[in-house]
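Structure record follows, encoded as C-alpha cells.
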Amino acid sequence: MSERADDLRVDPDHDPRGLTRGPAVTFTFEGESVDAFTGESIAAALLARGVRTLRTTRIAGAPRGLLCGIGACYDCLVTIEGPERARAVRACVTPVTDGLVVREHDLDHRLAPGDGIVT
Amino acid sequence: MSAPDTPTTTGAAGGPARTEVPLAVLGAGPAGVAATIAAARAGVEVLLLDAAERPGGQYHRREPRAFVARRPGALHHGFAPWQRTLAELDGLVARGRVRLAPGVSVWAATSVEGGSALATDDPALGTVVARALVIATGAHERVVPFPGWDLPGVITVGGAQALLKGHGVRPGHAVVVAGAGPLLLPVAAALAASGTHLVAVADAGDPRRWLAGGVRGVPLGKIIEGAGHLARIARHGSLVRPRTAAIAARGDGRVEGVVLARVDTDWRAIAGTERTVGADALVTSHGFAPTIDVAIALGCTLTGGVVPHVRVDDDQASDVAGVHAAGEVTGIAGADVGELEGTVAGLAAARHLGAPVAEADIARARARRRRRDRFVATLAGVLEVPAGALTWAAPSTIVCRCEEVTRATVEAAIDERGARDLRSVKLTTRCGMGRCQGRMCAPAVAAILEGATGHAPTDAGELSRRPILTPVPLGRLHP
Amino acid sequence: MSADTADRLGTPAPTPGRAEVVVIGSGLVGAACAYELALAGVAVVLVDRGHLTSGTTASGEGNILVSDKVPGPELDLALASIARWHDYARDLDRPFEFDPKGGIAIASHAADVDALVALAASQRAVGVEVTVVEGAALRALEPHLAHDLPLGAHYPQDAQVQPVLASSALIARARHLGATVVAGAEVTAIERDADGRVVAVVTSAGRIATATVVNAAGPWSPDVARLAGSDLPVRPRRGHILVTEPVPPLVHHKVYEADYVSTLVSDAAGAQTSAVVEGTASGTILLGSSREFVGFDRTVDLDIVRAIAAKATRLFPVLADVALMRVYVGFRPWVPDHLPIVGEDAVVPGLVHATGHEGAGIGLAPASAQVVRALVTGSAPPVDAAPFRPDRPSLTALAAPAGRG
C-alpha cells in the first residue's frame, strides 16, 4: 500500500475491513506513470492519486470525471490503447492491468453538434 | 459452477446460440437472489443473469476478488444473513437447480410467443428465451442538477459507496456529503469510519417526513440503524445538518468549494443562508430512479410520474404475461423489502410455470411484503424530491450531461418549440440520446416538463426506450 | 441551442397567403427543390407537417453514389447530381461533412466476380470512373478488409454527406434567397379548379394560394397525391442502420458487397440484407443494409440487426469488438420500376412529383431539384427528364408485388 500522504486509499489505521490489495501494477495516464493494484478500476486508481479529470467534453471542452461509480452514467470515459486500435471504456468498471496505456477520452471529439441521426 | 440440464440449442452454422429456460431472473441483487432461491426451492430451474462479476447488486457490493479482506463484513449491513443466502444459492447451483451467468449484459429484450427473449453478449448463452422472467434490475441514483454538478470531484453517494466498498478508496481529502435519501447517512458513516475528513454532512430532507406514516411507518430497526449512523458520524467529528442542501459546486476545473444553504420544506434555498465551504469532493445524490429499460422493452406498464417504476400486482406480476418484477425496479423500498418482493415473485413465477406452489406459502410471502406497505409509503414520501429543488439549476446548468444540453435549451424547446413530452424534448434537444440512455437526465427533464405543463410527462420512461439497451460489441451480437 | 438545431425546429413564421410554388416535404429532395427554385427567383413556400427533415432523410446514411447504378436514366441523373453536389459543397455556408471519399464494391464470392467486372465495364463506357482492384491493391485502399475477398471495384466519384446537415444548409440558404419555411404545417387539402388544376394548398397552419405544388413527401407522397385526386405507386421499403461508437478511422470509403446492386432490383417480399460499411466524419461507423416491405412498422428486427453485423464483420473483422450503440429504421420511397418519379402529374396540372428515389434520394436530390426547376421555369433540365415521368409505361403497366405494405 502506498505511503504517500496524499493517497486516498484507505489506510490500515482506518480500514474496518482490513484489506490486503492485489499485486502491484503500473500503468500510464496521459504519459505519466501510475502505481496501482490488481483489482482496482482505472477510475479508483487514478482518484486514489488525486487525478479527477478523465476527459473533456466534445462541445464545450469541459472537464469530466467519475460520477456514478457503477457504470451507469458513462461520464468517466477514458481511451485505452489496444493492439489494433484505441477504444473508449468506462474507467469505473474497467480494471487496471500492468502496462495499460490510458489517456483522456478523445474519440468523440469529431462528433458534430448537429449530428441529427435520430434513434 | 455446474450447468443443469438446461436445454441449449445452438442454431445451424451461422445461426445464433439460443438458451431456452423455464425461468430467467435478471439481476443478482437482494431481490433477484431471493426470487431465484424461492423459485428453485419450488422445483423450477432458474438462470440468474447479472452484469456484475459477483452477486450482491449495489447493496452488497464487494471488494474485487484480487483483494483479501480480513473482516469483509465491516462496512456492510446484513452481511451475515447475506452470506447465508449466498451459501443457499451455491447449494442450489451445486444441485443443478440454478445456473449463474455473471458478467453478462442484456442488449435487447423482446416479448415473444410464450415468453421473453433476452439478447445477451455471452457467446455461450446467445439469446435467452425464458417462459417466465423476473426483472430485478434495481435502480440508479438521481441527482438534482445544480451549478457545478458536472465538475470533476462531484460523485454520487452510491458512487462513493462503490469506491469505498469496492476499492477501498476515499473520494477526497476534504469531503462534503450532501443530498437526500436512505444512502446518505450510511455512506457518510462509512466514509467517516474509513478516515475520511467530512467537512460537512447535510441532509436536504426533513426528518419529520419519517414520522408522516406514524410511528409504525418506520420499523424500530431502521430507527436504531439511523441513530447508529448519526453516532458514528458524530464520533468522527461531524454533525448532520438537516434541511440543508448543496446548491452549487465551485472550482477551476474541479471541485474546490461547495455552497451549502438552508432549504425550506419545498427544498428552496433560503436567501441569506448560503455558505461556501472548501472541499475537494462533493458526495451527493437525491434518491433513486428505477432501472426500467428492460421492462420498457418488454412492454411493461409503468407508473409513478416523474420517476416511474414498473407496475406490479400483489404477486409482483407486471401486465405482460409471464413477466414479474421485484425490488427497486418496482419502486424504491430498500434491500429488505426487495428480498420480500423477490420471494413473492419467485413463487408466483414458479406457479405460473405449473410448479406445485402451496397457496399458503405464497400467501405468507405476500403477507410479509404487505406488512411493509406503510414503511414503503413513508419512504416514498421521504424520497420525493420537492419542486423547489428545480430552482437550484441555473439556465446555463447542464441537464443532459452526455449531450451537454443546458436547462435553457430544454426550456426553450418547451416554451418556444412546443415540446410537451419527453420524446419531443429528446428529438429537439438531444437530451437522452447519449451513452447513458437518459438515466442521469430523465428525472430532471421530467421534472422540468412537469413544472411547465402541470403534470408528469405522458410518455414516462420514453428516454429509456431504445432498441439497443447497452453498447455491445458487434462480434457478440451473433454468437 | 445550436443554429442547426434552431433551423431543424423551424422558425415560427406566419404562413403566407400565396406562393408561386409550395414544396411539401423538407427532406433532402424538398430542401433541394426549395433551394433551386429560390435560386431561380421563384417565390417558394416549403412546408413540413413535422420538424424539418424529420422523415426518411434523417434515417439516411448520406450516400451519393454512381457505383450502384446500372447504365440508364438513373445513372445519368446520378452523374449530373454529383456535379451539383460539388457546387453545393462550394456554395453553401454551412458545412455538411461533404466527403468525396469514393466507394468500393466488393465481390465477396467468386460467383459475383464476373458480374462486377462486367458492370464496371458498362459503367465505364458511359463516363463513370471505375478501377477493378484485387489483392494488395484492394488492401492498400482498405487496410482492414478481410484478406480473402476475391475482388473489388473502386469508384472515386462516390461521396458522402451528413444528410440532415445538408438539408438544413439548403433550407437556410433558400430562406436567405427569399423562401418561406413553415414547420409543423400539415397539408390537409389540395384545392383544384374546374379544370382540375391546382389553385391552393390548405395546411393546418393556413391556406396558401398557389398554382404549383411539389410533392416531395417521400414514402408519404401517395397521401399527398391522393389529396389532389391522384395516386402514386410509391411504397415504404424499410431499412435498418446500425451505428457504432466513435472510433479512430478504420474504414476509408463506402464499402459494400456487390450483391447490393442486385437487391436494389429485387422485388422479393422477404427481408434482404447486404453488407454496407462506411465511416463518418464524426468517427461513428454506419452499417447497413436491409430492405423489407412491412408498411411503416418501426420495430427494429433483431435478426436483421444480427445479419447486418455478421456480414459487416465478415468484410471487416476489426469490427468484431467495436460497440454497437444505436439502431434505427427508415422508410425508403420504393417504386416498382426502380426509377424516381419526377414530373408533372398526368391527371392534376400543377402537381409536380419529386419522389420515389428509393435508397438514392440523397445522391439524386440536386439533379431532381434541377428537373423540377426546369419544369417550373422552362429552363433546360440537367438530363432528359422523360424517363422519370409519372405516366411512363413501365410505371403504369407494373402492378405492385404481393406482400404487406
Side-chain angles (χ1 to χ4, degrees), chain B residues 11 13-18 105 107-112 117-121 123 126-127 297 299 402-406 408-419 423-431 433-437 465-479, chain C residues 1-2 4-12 50-55 58 164 183-184 205 240-247 250 273 275 277 284-287 298-329:
Chain B
R18 188 179 154 97
S105 286
W107 58 269
T110 43
S111 283
V112 295
L118 307 174
T120 77
D121 64 348
T127 297
C402 294
E403 297 294 315
E404 304 177 72
V405 183
T406 64
T409 301
V410 175
E411 289 181 327
I414 297 171
D415 298 337
E416 297 164 26
R417 310 299 179 198
R423 179 172 168 79
S424 48
V425 169
K426 174 166 99 171
L427 291 179
T428 55
T429 67
R430 294 190 60 83
C431 275
M433 285 195 190
R435 282 182 169 91
C436 92
Q437 330 276 49
R465 179 190 308 278
R466 60 191 58 213
I468 307 296
L469 300 177
T470 186
V472 53
L474 289 163
R476 294 189 166 220
L477 297 179
H478 57 112
Chain C
M1 69 186 79
S2 68
D4 157 77
T5 305
D7 280 336
R8 286 197 64 199
L9 295 170
T11 312
H51 301 295
L52 300 179
T53 318
S54 55
V164 174
H240 286 68
I241 292 188
L242 281 53
V243 184
T244 72
E245 59 178 334
V247 292
L250 296 174
T273 60
V277 182
T284 60
I285 298 180
L286 304 182
L287 308 180
R298 293 200 160 272
T299 316
V300 167
D301 183 324
L302 293 183
D303 287 334
I304 288 179
V305 170
R306 289 191 178 95
I308 290 174
K311 292 186 179 185
T313 51
R314 159 75 184 102
L315 289 185
F316 288 94
V318 71
L319 292 177
D321 69 345
V322 173
L324 172 65
M325 297 288 299
R326 294 200 295 275
V327 178
Y328 55 88
V329 300

TODO: Go through the steps to decide whether B/Leu474 and C/Leu287 satisfy the test side chain to side chain contact (heavy atoms under 4.5 Å, CB included), and finish with yes or no.
DONE: CA-CA 10 Å; B/Leu474 289 163; C/Leu287 308 180; 3.7 Å; yes

Open item on the list: Please give me the minimum heavy-atom distance between B/Pro473 and C/Asp321, naming the atom from each residue.
Closed with: CB-CA, 4.0 Å

Task: Interface moiety of C/Leu319 toward chain B, non-hydrogen atoms closer than 4.5 Å - done: both

Task: Member of C/Val243, C/Leu242, C/Val327 meeting the side-chain contact (heavy atoms from CB on, under 4.5 Å) criterion with B/Ile468 - done: C/Val327

Open item on the list: Please classify the contact between C/Ile308 and chain B as side chain, backbone, both or neither, with a heavy-atom cut-off of under 4.5 Å.
Closed with: neither

Open item on the list: Distance check, rounded to the nearest 0.5 Å: B/Thr470 atom OG1 versus C/Leu324 atom CG?
Closed with: 10.5 Å

TODO: With side chain to side chain contact (heavy atoms under 4.5 Å, CB included) as the test, would you mind laying out the steps for B/Met433 and C/Arg326 before giving the verdict?
DONE: CA-CA 9 Å; B/Met433 285 195 190; C/Arg326 294 200 295 275; 5.8 Å; no

Task: Atom group of C/Thr244 that falls short of 4.5 Å from chain B, counting heavy atoms - done: side chain

